[in-house]
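The structure appears below as structure tokens.
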There are 2 protein chains.
Amino acid sequence: MKTLRLTSNDRAILLKSSFLGRLPRSTSEAVIEDATVSTHEEDDVLFRQGDGIDEVFVVLSGLVRLYRVGKDGREADLAVLQAGEVFAESAIFLGHHATASARAAEASIIARLDGRRLRQLAVSNPDVAQAFIELLCHRSKMVEDLLAQDRLHTAPERVANYILSNCPSGSTSFSFRLPFQKNVLAGKLGLAPEALSRAFSKLRQSGVVVRGRMIEIRDRHALERF
Amino acid sequence: MKTLRLTSNDRAILLKSSFLGRLPRSTSEAVIEDATVSTHEEDDVLFRQGDGIDEVFVVLSGLVRLYRVGKDGREADLAVLQAGEVFAESAIFLGHHATASARAAEASIIARLDGRRLRQLAVSNPDVAQAFIELLCHRSKMVEDLLAQDRLHTAPERVANYILSNCPSGSTSFSFRLPFQKNVLAGKLGLAPEALSRAFSKLRQSGVVVRGRMIEIRDRHALERF
DNA sequence: GGTGCTTTTTGACCAGGGTCAAACAGCTTG
DNA sequence: CAAGCTGTTTGACCCTGGTCAAAAAGCACC
């Protein structure tokens with residue numbers, strides 16, 4: 001882990017992130033004034049559940065897994081975050097403790113925003129408060145979606161939904177490249193890697209062709225019917 | 001469904017609710033100024049996923065289930081809400097659409113706060129914004145907890161955790177009354193009623209005695225080890 | 001193109017929990 | 001107290017998905 005300064009590319013990503021993107025430019029520029037940046041190797045732990053933290057994190061590049069650990073040591077992913085995504089924002093309002101652990105799933109660059117400063121801003125600047133509220137609403141909805149997926153759908157259905165969520169709504173046939181290893185996708189969907197693999201092979205009969213990280217969908221409607 | 005006016009008891013519950021309880025008294029009194037109240041029979045649907053709503057709901061008495069429906073019609077509970085609890089607060093910030101359906105699990109009385117008014121207040125009054133932020137942080141954490149429970153723990157473990165969460169931390173032996181039917185508890189834990197029943201009977205060997213709605217714990221530590 | 005990794009797939013097996021049906025309470029109500 | 005309901009428990013069965021082990025693909029680096 002190494003600390004560095006914001007590059008102009010970093011700034012651009014920050015300004016478009018799911019939190020700062022909601023703010024007027026002048027405000028967001030002020031917020032990132034004192035941002036710090038750090039790089040992390042694959043598998044580096046950023047913080048553990050229960051750790052005291054007082055910062056909001058933003059992924060600048062790479063991939064971060066947010067997870068909880070069971071008493072047998074198994075890890076359950078709560079979220080997988082890509083460039084531009086924000087995490088640990090609840091901690092700064094909720095007793096400054098992380099509600100989950102975070103670990104780089106590949107080499108990553110992470111920005112941090114000071115919690116105290118953000119809390120002050122949230123009080124003095126309605127735009128900032130509003131941005132937090134919207135961010136948190138989206139967060140709740142995302143986790144709700146995950147929970148509903150888990151409780152209502154089987155593995156192949158979840159995979160089908162994931163694929164469909166990565167697909168332009170117009171075309172009936174298309175293809176895209178997985179943004180991470182199947183490994184990680186499995187965790188995100190709450191599956192063992194083997195189960196993901198089997199799900200893919202079951203979807204083959206609905207016109208899904210998997211070659212390495214490339215996913216090809218021959219017939220969108222067949223997939224939706226699944 | 002019948003509409004009525006706030007009784008003084010209703011007011012007391014509202015003022016202590018998980019949202020208004022965070023506000024200075026003068027503010028919260030102002031907020032409930034224009035609250036409306038309605039009564040609902042068991043199984044009444046308050047709204048369905050996707051419905052346009054622009055209100056925040058508060059349970060004054062009774063019990064409300066928040067759930068999503070799968071395409072086969074199965075319902076998965078996302079939350080079970082008791083008196084004093086707030087729901088649907090994301091909707092007023094997220095395009096005014098319900099992200100889940102809500103249904104009374106028993107005869108219930110519900111208060112509603114106008115969404116437009118609350119949004120205005122969130123902008124003009126930092127206390128209100130702050131209260132929303134904290135409410136939403138708690139909400140995210142609660143759903144995260146649920147998801148982690150689902151992914152990490154077996155049915156008996158979830159039930160054990162539920163029991164422990166209802167137990168004073170001091171005593172090693174104690175008992176309490178379930179606040180709702182086992183039916184509902186099963187849904188809340190993401191289980192079929194039969195699975196809940198089996199989980200209870202497995203916990204018997206760890207000193208949990210179930211008689212109707214009464215749960216008796218003989219040995220807290222045995223339960224924690226489970 | 002070979003060599004040695006890591007990631008993914010496949011197979012075999014097993015456990016958790018869903019489902020259906022039937023037996024059992026616990027309550028109301030007549 | 002009997003008769004009905006409704007909610008809960010138990011049993012039998014099956015399906016999904018987890019786990020372990022081994023084969024197969026990919027991929028990077030000679």
Side-chain angles (χ1 to χ4, degrees), chain A residues 41-43 63 65 70-77 80 105-107 149-162 177-205 208-216 226, chain B residues 41-43 63 65 70-77 80 105-107 147 149-162 177-205 208-215 226:
Chain A
E41 308 274 302
E42 177 168 348
D43 282 342
L63 207 59
R65 288 192 316 117
K71 44 179 168 299
D72 53 354
R74 265 179 346 121
E75 299 183 354
D77 287 7
V80 171
E106 55 184 52
Q149 285 278 339
D150 271 30
R151 292 192 169 177
L152 289 173
H153 301 303
T154 65
E157 289 169 340
R158 283 185 281 197
V159 176
N161 287 338
Y162 172 78
R177 188 182 158 78
L178 289 177
F180 30 64
Q181 287 187 322
K182 298 215 177 102
N183 221 340
V184 177
L185 177 58
K188 185 179 158 87
L189 299 177
L191 296 173
E194 294 95 326
L196 175 64
S197 188
R198 282 185 244 274
F200 273 131
S201 82
K202 188 162 291 183
L203 291 180
R204 219 168 9 224
Q205 70 197 42
V208 175
V209 181
V210 179
R211 238 188 294 61
R213 278 199 190 179
M214 288 303 298
I215 310 286
E216 185 186 342
F226 198 90
Chain B
E41 309 274 301
E42 177 167 346
D43 282 340
L63 207 59
R65 286 192 319 117
K71 44 179 168 299
D72 54 351
R74 273 192 22 247
E75 300 183 352
D77 287 7
V80 171
E106 55 183 54
L147 185 65
Q149 284 278 338
D150 271 30
R151 292 192 169 176
L152 290 173
H153 301 303
T154 65
E157 290 169 338
R158 284 185 275 191
V159 176
N161 287 338
Y162 173 79
R177 189 182 155 77
L178 288 178
F180 31 64
Q181 287 187 324
K182 298 214 177 101
N183 220 340
V184 177
L185 177 58
K188 185 179 157 87
L189 298 177
L191 296 173
E194 296 94 325
L196 175 64
S197 188
R198 282 185 245 273
F200 273 133
S201 81
K202 188 162 290 184
L203 291 180
R204 221 171 5 228
Q205 70 198 40
V208 175
V209 181
V210 179
R211 238 188 293 68
R213 277 200 192 177
M214 288 303 299
I215 309 285
F226 197 91

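Chain naming here is simple, since letters A, B, ... match the order of the sequence lines and numbering starts at 1 in each.
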Between [atom2] on [N] and [atom1] on [X], what's the gap in Å once rounded to a whole number?
X	N	atom1	atom2	answer
B:E194	C:dG17	CD	P	13 Å
A:L196	C:dT9	CG	P	7 Å
B:F180	D:dT8	CZ	P	12 Å
B:L203	D:dT9	CG	C1'	15 Å
A:E75	D:dG18	CD	C1'	17 Å
A:K182	C:dT7	NZ	P	13 Å
A:R213	C:dT6	CZ	C1'	13 Å
B:F200	C:dG17	CZ	P	14 Å

So which atom in [X] and which in [Y] form the shortest heavy-atom distance, rounded to 0.1 Å?
X	Y	value
A:E157	A:L152	OE1-O, 4.1 Å
A:R65	A:A105	CG-CB, 3.9 Å
A:N161	A:H153	ND2-CD2, 3.8 Å
A:P193	A:N183	CG-OD1, 4.1 Å

Open item on the list: Over all strands shown, is B:R151 touching base, sugar-phosphate only, or nothing at heavy-atom distances under 4.0 angstrom?
Closed with: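 Nothing: the residue B:R151, judged by heavy atoms under 4.0 Å, touches no strand.
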Check whether the side chain of [X] and the base of [N] form a donor-acceptor pair under 3.5 Å.
X	N	answer
A:R158	D:dT16	no
B:R211	D:dT9	no
A:R198	C:dG11	yes

Task: Nearest-nucleotide pick for B:S197, side chain only, options being D:dT10, C:dT10, C:dG18 - done: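 So the side chain of B:S197 is nearest to D:dT10.
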Open item on the list: Could you tell me if the side chain of A:V210 sits less than 4.5 Å from the side chain of A:R204, heavy atoms only?
Closed with: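 Not in contact.
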- [ ] Return the 5'-most residue of the pair B:R204, B:E42 with respect to DNA chain D, ranking by each residue's nearest nucleotide.
- [x]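 It is B:E42 whose nearest nucleotide is closer to the 5' end.
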TODO: On DNA chain D, check which nucleotide each of A:A155 and A:G212 is closest to and give me the residue with the more 5' one.
DONE: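 Of the two residues, A:A155 wins.
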